[in-house]
S.K.: 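Before I ask anything, let me first share the structure, which is written out below as structure tokens.
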Amino acid sequence: QAQLVESGGGSVQAGGSLRLSCVASGITVNRRYLSWFRQAPGKEREAVASITHLGSSRYADSVKGRFIISRNNAKNTLFLQMNSLKPEDTAMYYCAADQGLRAGVPSMSSLDYTYWGQGTQVTVST
């Protein structure tokens, strides 16, 4: 059974950093596109960053220059390094994996991802 488990969330002051991890089990991620999404209370889920199986990445405008998505296929793990955090980054963060059939630029649509983690909470205070 496929499972994605996120970790690394927490509470931090504005300007601080956090590194999220997502470990996959039951599936191998080396040929899949992976992504981080987030959802704040009362808001729609939005894509934060996505990465192809070859390492090409794509970011939401709101996090460009502050967040870095990376992956370690040998460890079946996805990462999100978050720097210069802002209160508006406060949300539940989810990792997602697609079915591995995609090509081209990494998708930022939740509809293109099949497997989802349970989320890890990030709270940024002023």
S.K.: For Q13, does the CD atom have more than 12 heavy-atom neighbours from other residues, nucleotides or ligands under 6.0 Å away?
M.R.: no
S.K.: If you look at every heavy atom in V122 and M82, which pair is closest and at what distance?
M.R.: CG2-CE, 3.7 Å
S.K.: Going from CG on D98 to OG on S109, what distance comes out if it is rounded to the nearest 0.5 angstrom?
M.R.: 11.5 Å
S.K.: Among residues two or more places apart or on two chains, list those pairs meeting disulfide bond (SG atoms under 2.5 Å apart) that have a residue in residues 41-70.
M.R.: none
S.K.: Does any non-hydrogen side-chain atom of I51 lie less than 4.5 Å from one of R58?
M.R.: no
S.K.: Please name all residues satisfying side-chain hydrogen bond (donor to acceptor under 3.5 Å, both in side chains) with Q99, sequence neighbours left out, ordered by chain then number.
M.R.: none
S.K.: Is there side-chain contact between Y115 and I27, with at least one heavy-atom pair below 4.5 Å?
M.R.: yes
S.K.: Has the side chain of E46 got a donor or acceptor atom that lies under 3.5 Å from a matching backbone atom of Q39?
M.R.: no
S.K.: Roughly how far apart are S62 OG and E88 CD, rounded to 0.5 Å?
M.R.: 8.5 Å
S.K.: So which atom in Q81 and which in S17 form the shortest heavy-atom distance, rounded to 0.1 Å?
M.R.: NE2-CB, 4.0 Å
S.K.: Checking T77 against N72: is there a side-chain donor and acceptor pair closer than 3.5 Å?
M.R.: no
S.K.: What's the verdict on side-chain contact (heavy atoms from CB on, under 4.5 Å) for W116 and R45, showing C-alpha distance, side-chain angles and the deciding distance?
M.R.: CA-CA 13 Å; W116 292 83; R45 185 172 295 192; 3.2 Å; yes
S.K.: Flag the pair R38 / M92 as yes when at least one side-chain heavy-atom distance between them is below 4.5 Å, and no otherwise.
M.R.: no
S.K.: For residues N30 and R32, is any side-chain donor paired with an opposing acceptor at under 3.5 Å?
M.R.: no
S.K.: Any sub-3.5 Å donor-acceptor pair from S50's side-chain atoms to S107's backbone N or O?
M.R.: yes
S.K.: Please tell me if the side chains of D89 and R66 come closer than 4.5 Å, counting only heavy atoms from C-beta onward.
M.R.: yes
S.K.: Do side-chain atoms of S57 reach the backbone of I69 as a donor and acceptor pair under 3.5 angstrom?
M.R.: no
S.K.: Nearest 0.5 Å, please: how far is NZ in K43 from OG1 in T90?
M.R.: 10.0 Å
S.K.: Quick one: closest heavy-atom pair of A97 and L4, and the distance?
M.R.: N-CD1, 3.9 Å
S.K.: Do S35 and Y33 pass the side-chain contact (heavy atoms from CB on, under 4.5 Å) test, and can you show the C-alpha distance, the side-chain angles, and the key distance before you say yes or no?
M.R.: CA-CA 7 Å; S35 187; Y33 286 17; over 6 Å; no
S.K.: Taking the ring of W36 and the ring of F67, is the distance between their centroids below 6.0 Å?
M.R.: no
S.K.: Between N76 and T28, what is the shortest heavy-atom contact and its length?
M.R.: OD1-CA, 3.5 Å
S.K.: Near Q118 CD, under 6.0 Å, is it more than 12 heavy atoms from other residues, nucleotides or ligands?
M.R.: no
S.K.: Look at the aromatic rings of F37 and Y113 and report parallel, tilted or perpendicular, splitting at 30° and 60°.
M.R.: perpendicular
S.K.: Ignoring hydrogens, what is the shortest heavy-atom contact between L80 and A49? Give both atom names and the distance.
M.R.: CD1-CB, 4.3 Å
S.K.: Any Lys/Arg nitrogen of K64 or D61 sitting under 4.0 Å from an Asp/Glu carboxylate oxygen of the other?
M.R.: yes
S.K.: Using 0.5 Å steps for rounding, measure from the CG atom of L18 to the CG atom of N83.
M.R.: 9.5 Å
S.K.: Checking C22 against Y94 for the side-chain contact (heavy atoms from CB on, under 4.5 Å) test, could you report, in this order, the C-alpha distance in whole Å, the side-chain angles of both residues, the deciding distance, and whether it holds?
M.R.: CA-CA 9 Å; C22 171; Y94 301 89; over 6 Å; no
S.K.: Shared ILVMFWY cluster between V12 and I68, side chains joined below 4.5 angstrom?
M.R.: yes
S.K.: Would you say that Y93 contacts E6 through its side chain, given a criterion of any heavy-atom pair below 4.5 Å between the two side chains?
M.R.: no
S.K.: For residues A91 and A40, report the shortest heavy-atom separation together with the two atoms involved.
M.R.: CB-N, 3.8 Å
S.K.: Evaluate the criterion side-chain contact (heavy atoms from CB on, under 4.5 Å) for residue pair L78 and V29; output intermediate values, then yes/no.
M.R.: CA-CA 9 Å; L78 175 69; V29 301; over 6 Å; no
S.K.: Is the charged tip of R71 near the ring of F79: under 6.0 Å from the six-membered ring centre and within 45° of its axis?
M.R.: no
